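Report on the following structure.
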Amino acid sequence: MAEEFSANRQKDASVARGLKAIRAALDGGPAQAQPTGSPKADAALRCFVAESSDNHERMDQLLERAAGLLDALVAGRDELDGALALADRPAPQAPAGVVVEQAHG
């Protein structure tokens, strides 16, 4: 079902991990930062951390929120797909010879 909404569990989880890695790098300061794979991003992060503790705190909050939302998206997608899979199963049939009363209204 999630595919209908273009949700991709692996990509969402990967982006969440990436955001957590950037957050951890910011928490450790420029000396502890792991490379992001982009020289421009690495330089921007070093500059950002060096220039403003207010920006650093705000960025930390935003990264934490974004990673949390993506984690929740992944978990919600799994729950929804599981529930829909259960709902899609045929209803159990009454054993042969059992009479099921129907309400008449």
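Remember, predicted model here, so these are calculated numbers, not experimental data.
If you take CG on L19 and CG on L62, they are separated by 10.5 Å, rounding to the nearest 0.5 Å. Atoms CG and CG, on D12 and L73 in that order, are 4.5 Å from each other to the nearest 0.5 Å.
Every residue two or more places apart in sequence or in another chain that forms a side chain to side chain contact (heavy atoms under 4.5 Å, CB included) with Q61 is listed here: E57, R58. Considering only residues two or more places apart in sequence or on other chains, A13 meets the side chain to side chain contact (heavy atoms under 4.5 Å, CB included) condition with R17, V74.
Here side chain to side chain donor-acceptor pair (under 3.5 Å) pairs that include residues 63-72, with residues two or more places apart or in two chains, are K20-D71.
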